[in-house]
Amino acid sequence: TQLGPPPSPLTSSQPSLVPANFVPNQVVLIPPSLLRETIFRSVPEIKLEPTHVDRLKTSYQKSSTRERSNTASSIVIATVENLPIKKNREMDFDIFLANKQNSLDINDIRAIIESLNLYKPPNNSKYDSIIKYLYLKFLITSENKSERDEEKEICVNYKGKISALSPSKQLLVLLWQVDRITEKLTIVSLKIDFSTVSTEYNMKGDMVYKHLCKSIDGRELSCVLGYALSLYNSISTRQLNGFFLRSLCKLKEVKSPKNPSQNLLIDLYQIIVQSDNSNKIINWLIETGQVINTCPEMFVAYLLGFPELIYYLTTIESEIKFYIDKNENKEQLMSLENFEQEVKQTIQTLTDTRNKIHNYIFFLGSGHKDANQQDRNVLSIKNSWQKLSESSNFSQEVNLTERTDVDLSDFCFLTDFATFFEQILNIHKTIITQTELQKKAAERKKRTNATLRSTNTLSQSMPATIRHTTNRPPTIVPGFDSQQPFATRNSPAVPTNVSSNRWHTKTNLK
């Protein structure tokens, strides 16, 4: 905008609104004695008419009023058009939607909502990852319940234009306006990955059960336990007929009565090595130790599937009850009932495998042991059941305290069982390494002795004249200092007509 010419002074008979002695507080007056030392000594005195000042004051009042009104209207617009969503929450959605694979428009959002209302995965595979992401973002827990409720109230009561919002806020508003959105996202996200999830949990349970069966097949484990029992009874006045297998990993902490520098685990290994079927038992320890070592982690991943599937099942049952009470939407009710049967069948299959694993562990003599509360896997097991107990749809039909104790006890047994194999195999590797080092040292010593013998034999086979010559003292050259490697002042002088390099060559030849 171009500035126009300055306004011309107006003449008016109205009195001035400015007081006669008015001085703004922000103006600091220069004393008259110092004016001549400042720039104001050359500033001319200009007199303004009172009407001109009145016009400036009126113009200022109008502009300030207009600015205040614009500010107020902008605040109202910000309150309506820009939802007061938390910045970190909005930023998470913006980052997710910034990816080209996750870009959504209003039609995409409505297609996702339609599939959620029908409790069916969308036909477009592009939406699968988006629904699983939304499930995590709309999940309500005890920690974020107040924040989610506040956000839901803001979005549900929004009456403005959806198109005026940013993509992330469009998504939030449209989804929160869907009835029971959290439950629908939970069920549909499970449906998307249910076949993969159920297969993975069943596979891990079957692997743990198979590894336990392998440790019992044959007589190797019985032989090892028999050697351990005999070793204990031989050093103890109290005779035992059996012990919990958790005691095997404690043998390393007991000193050997024969050699205090060793422990009972080394004694047990030496007994096994001296037995008739030592090779067979050692091979069994190596093969079984490799598979048992993976059991604790795999068992924890298998156990975590139970509270997760039970949580999904309780959510589905709650939705079924909601539609039965509502007595409408037969299509949604049928879809939920069919999915409920699939989840129940999977849980029953996992439970059957879980019972077989527990029976095997009980057969091996698990005993009771307080779990390490700082262990990462122990915390995962406890937190998974605790999370289920905090669910709003969970029914107290399952004794969570008893179930948690059984899971922790079985996990601790597998951990100790794997630790025993690891400890005894470390002893095996150490002894094998020491044996190989001793063999290499013996071979080096043997080669050294053979070299010395051949040298002595060669020296004795030499003629007497050669042996005498080799023992003759070095010849002393007159005028040459034998203690210094180069020529000294006692050496012959270098001729003037011969170069120094040539002279040194002849000296060396001499």
Side-chain angles (χ1 to χ4, degrees), residues 207-208 210-236 243-299 364-365 372 375 377 412-460:
M207 290 297 292
V208 174
K210 187 183 297 183
H211 293 340
L212 285 174
C213 292
K214 185 175 182 179
S215 66
I216 298 177
D217 289 345
R219 295 183 52 83
E220 289 81 2
L221 179 61
S222 299
C223 292
V224 172
L225 297 179
Y227 291 142
L229 187 62
S230 300
L231 176 63
Y232 181 84
N233 288 333
S234 64
I235 63 174
S236 176
F243 56 87
F244 291 121
L245 263 65
R246 287 201 176 109
S247 305
L248 290 174
C249 64
K250 299 296 183 181
L251 295 177
K252 190 177 181 179
E253 303 174 5
V254 182
K255 293 184 178 180
S256 172
K258 298 180 181 179
N259 187 359
S261 62
Q262 297 184 172
N263 52 57
L264 288 184
L265 189 62
I266 298 177
D267 291 346
L268 175 61
Y269 176 79
Q270 292 176 349
I271 292 174
I272 292 174
V273 171
Q274 296 171 5
S275 64
D276 297 334
N277 52 353
S278 60
N279 292 333
K280 187 176 181 181
I281 295 178
I282 294 298
N283 292 334
W284 173 82
L285 286 172
I286 295 174
E287 295 177 1
T288 308
Q290 292 176 350
V291 296
I292 290 295
N293 189 38
T294 62
C295 278
E297 294 285 344
M298 194 181 304
F299 185 63
L364 292 173
N372 181 11
D375 185 79
N377 292 316
C412 291
F413 167 79
L414 287 176
T415 303
D416 292 339
F417 199 39
T419 302
F420 164 71
F421 280 92
E422 182 181 3
Q423 291 175 350
I424 198 167
L425 287 177
N426 287 337
I427 293 175
H428 173 69
K429 293 177 182 178
T430 303
I431 293 178
I432 291 296
T433 303
Q434 293 177 353
T435 304
E436 291 178 354
L437 292 176
Q438 292 174 359
K439 287 182 179 180
K440 291 180 179 179
E443 291 176 358
R444 285 196 301 268
K445 186 176 181 180
K446 185 178 179 180
R447 288 195 299 268
T448 303
N449 293 335
T451 303
L452 292 176
R453 285 195 300 270
S454 62
T455 304
N456 293 334
T457 304
L458 180 62
S459 176
Q460 294 175 1

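These figures come from a predicted structure and were not determined experimentally.
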About how many Å separate [atom2] of [Y] and [atom1] of [X], when rounded to the nearest 0.5 Å?
X      : Y      : atom1 : atom2 : result
His211 : Leu414 : NE2   : CG    : 11.0 Å
Cys249 : Phe413 : SG    : CZ    : 10.0 Å
Asn449 : Lys445 : CG    : NZ    : 6.5 Å
Met207 : Leu212 : CE    : CG    : 11.5 Å
Leu251 : Glu253 : CG    : CD    : 9.5 Å

(message) Applying ring-ring contact (aromatic ring centres under 6.0 Å, His included), can you list everything that pairs with Phe299, at least two apart in sequence or on another chain?
(response)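 ring-ring contact (aromatic ring centres under 6.0 Å, His included) check on Phe299 returns nothing, list empty.
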Side-chain donor-acceptor pairs of residues 421-431 under 3.5 Å, sequence neighbours excluded:
unit_1 : atom_1 : unit_2 : atom_2 : d
Asn426 : ND2    : Glu422 : O      : 3.1
His428 : ND1    : Tyr269 : OH     : 2.6
Thr430 : OG1    : Asn426 : O      : 2.8

Hey, does [Y] have a side-chain heavy atom less than 4.5 Å from the side chain of [X]?
X      : Y      : result
Lys250 : Asp416 : no
Leu264 : Pro257 : yes
Lys255 : Asn263 : no
Leu265 : Phe420 : yes

(request) Can you sort out the partners of Glu297 under side-chain contact (heavy atoms from CB on, under 4.5 Å), two or more places apart, ordered by chain and number? (result)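 Scan of Glu297 (side-chain contact (heavy atoms from CB on, under 4.5 Å), adjacent residues dropped) gives Arg376, Asn377.
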(request) Taking side-chain contact (heavy atoms from CB on, under 4.5 Å) as the test, write out the residues that go with Asp276, two or more places apart. (result)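 side-chain contact (heavy atoms from CB on, under 4.5 Å) list for Asp276, sorted by chain: empty.
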(request) Measure from the side-chain N and O atoms of Ser247 to the backbone N and O of Phe243, and report whether any donor-acceptor pair falls under 3.5 Å. (result)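 The answer is no, because no donor-acceptor pair under 3.5 Å joins these two groups.
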(message) Tell me if a side-chain donor or acceptor on Ser278 pairs with a main-chain N or O of Gln274 at a distance below 3.5 Å.
(response)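 No, the answer is negative, given that no donor and acceptor are paired below the 3.5 Å cut-off.
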(message) So, using side chain to side chain donor-acceptor pair (under 3.5 Å) as the criterion, who are the partners of Ser261 when residues are at least two apart?
(response)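 Result, side chain to side chain donor-acceptor pair (under 3.5 Å) vs Ser261: Asn259.
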(request) Check side chain to side chain donor-acceptor pair (under 3.5 Å) between Ser215 and all other residues, then give those that pass, not counting sequence neighbours. (result)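 With sequence neighbours excluded, Ser215 shows a side chain to side chain donor-acceptor pair (under 3.5 Å) to no residue whatsoever.
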(request) Please step through side chain to side chain donor-acceptor pair (under 3.5 Å) for the pair Ser256 and Asp267, ending with a clear verdict. (result) CA-CA 7 Å; Ser256 172; Asp267 291 346; 2.4 Å; yes
Donor-acceptor contacts, no H, no angles, side chain residues 219-229, under 3.5 Å, sequence neighbours left out:
none

(request) Sort and list the pairs that fulfil ring pair (Phe, Tyr, Trp, His ring centres under 6.0 Å) and have at least one residue in residues 430-450, not counting sequence neighbours. (result)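 Passing the test, one end in residues 430-450: no pairs.
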(message) Restricting to non-hydrogen atoms, name the atom on Cys295 and the atom on Val208 that form the minimum distance, rounded to 0.1 Å.
(response)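 Where Cys295 meets Val208 most closely, the heavy atoms are O-CG2, 4.3 Å.
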Output side-chain donor-acceptor pairs under 3.5 Å for residues 279-287, partner residues at least two apart or in another chain, one line each.
unit_1 : atom_1 : unit_2 : atom_2 : d
Asn283 : ND2    : Asn279 : O      : 3.0
Trp284 : NE1    : Thr288 : OG1    : 3.1

(message) Going by the rule salt bridge (Lys or Arg N to Asp or Glu O under 4.0 Å), which residues pair with Glu436 if we only count those two or more places apart in sequence or in a different chain?
(response)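 Listed in chain order: nothing, the list is empty.
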